[in-house]
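For reference, the structure discussed in these notes is given below.
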There are 2 protein chains.
Amino acid sequence: MKNTIKIHRVTHDMTQEDLANRLDVSRQTINAIENNKYFPSLELGLKLARIFKCSVEDLFSLEV
Amino acid sequence: MKNTIKIHRVTHDMTQEDLANRLDVSRQTINAIENNKYFPSLELGLKLARIFKCSVEDLFSLEV
DNA sequence: ACATAATGTAAAATATATTATACATAAAGT
DNA sequence: ACTTTATGTATAATATATTTTACATTATGT
């Protein structure tokens with residue numbers, strides 16, 4: 001599974017901390033997701049899509 | 001968070017066990033998700049959307 | 001009524017996501 | 001060069017998803 005969080009975040013001119021605050025999660029969580037340490041929860045995925053005004057599938061894909 | 005898994009599953013004429021097998025998870029996992037015991041992982045959410053040929057947002061929504 | 005299939009549910013165990021804290025490095029501004 | 005901001009990383013602790021096993025209940029078919 002890969003994701004495009006970092007691209008969207010930078011496009012939206014946000015730091016990892018900015019994004020973490022908007023989502024009410026820790027900065028480490030954002031960092032870990034961007035660096036593929038683990039996959040976020042479905043709830044976080046939906047919230048991220050909402051913030052970036054795109055679909056969950058735009059952010060995450062199953063294919064490696 | 002609510003979901004429409006059961007509706008899609010029944011529409012596709014599958015039992016909880018059928019779906020569990022296709023996803024390679026236990027039947028209890030499907031049952032728990034349908035009955036809102038917990039939210040599935042993002043990976044499961046993406047796989048469910050793929051099976052039902054719809055978007056993750058069609059299956060799960062953040063609103064209560 | 002009986003048998004079978006499908007579903008609901010529960011408790012303990014395991015896997016994984018997330019937090020907290022902390023420190024190291026890189027980038028940017030002055 | 002110095003300071004500040006942003007990012008990468010590590011470890012231990014906590015929260016949550018998932019499995020396993022098992023049994024109860026509901027629906028369906030005969």
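Order of the sequence lines fixes the chain letters, A, B, ..., with proteins taken first and strands second; residue numbering starts at 1 for each chain.
The backbone N or O of Met14(B) lies less than 3.5 Å from a partner atom in the side chain of Arg9(B), making a donor-acceptor pair. Looking only at distances, a side-chain donor or acceptor of Thr11(A) sits under 3.5 Å from a matching main-chain atom of Ile7(A).
Between Pro40(A) and Ile33(A), the shortest heavy-atom contact is CB-CD1, 3.5 Å.
Considering only heavy atoms from C-beta on, Gln16(B) stays 4.5 Å or farther from Lys6(B) through its side chain.
Rounding to whole angstrom units, CZ of residue Phe39(B) and C1' of dA17(C) are separated by 14 Å. In this structure, Leu23(B) places its CG atom 14 Å from C1' of dA17(D), rounding to the nearest Å. We find that CG of Asn35(B) is positioned 11 Å from P of dT7(C), with the value rounded to whole Å. Between the CD1 atom of Ile5(A) and the P atom of dT7(D) there is a distance of 14 Å, rounded to whole Å. Between the CD atom of Glu43(A) and the P atom of dT19(C) there is a distance of 11 Å, rounded to whole Å. For Asn36(B) and dA17(D), the CG to P distance is 11 Å, given to the nearest whole Å. Rounded to a whole Å, the CD1 atom of Ile30(B) is 15 Å from the P atom of dA6(C). Counting to the nearest Å, the C1' atom of dA28(C) and the CG atom of Asp13(A) are 14 Å from each other.
Side-chain atoms of Tyr38(A) lie closest to dA17(C) of the nucleotides dA17(D), dA17(C), dA6(C). When each of dT18(C), dT7(D), dT9(C) is scored by its nearest atom to the side-chain atoms of Ile33(A), the top-ranked nucleotide is dT18(C).
Looking at which nucleotide of DNA chain C each of Asp18(B) and Gln28(B) is closest to, the 5′-most match is held by Asp18(B). When each of Ser41(A) and Asn31(A) is assigned the nucleotide of DNA chain D bearing its nearest heavy atom, the one mapping closer to the 5' terminus is Asn31(A).
Following chains of ILVMFWY side-chain contacts shorter than 4.5 Å, one can reach Leu62(A) starting from Leu23(B), so the two form part of one hydrophobic cluster.
Taking side-chain N and O atoms only, Lys6(A) has a distance below 4.0 Å to OP1 or OP2 of dG8(D). Contact check, Ser26(A) against dT19(C): a side-chain N or O comes under 4.0 Å of OP1 or OP2. For dT9(C), the OP1/OP2 oxygens have no side-chain nitrogen or oxygen of Arg27(B) closer than 4.0 Å.
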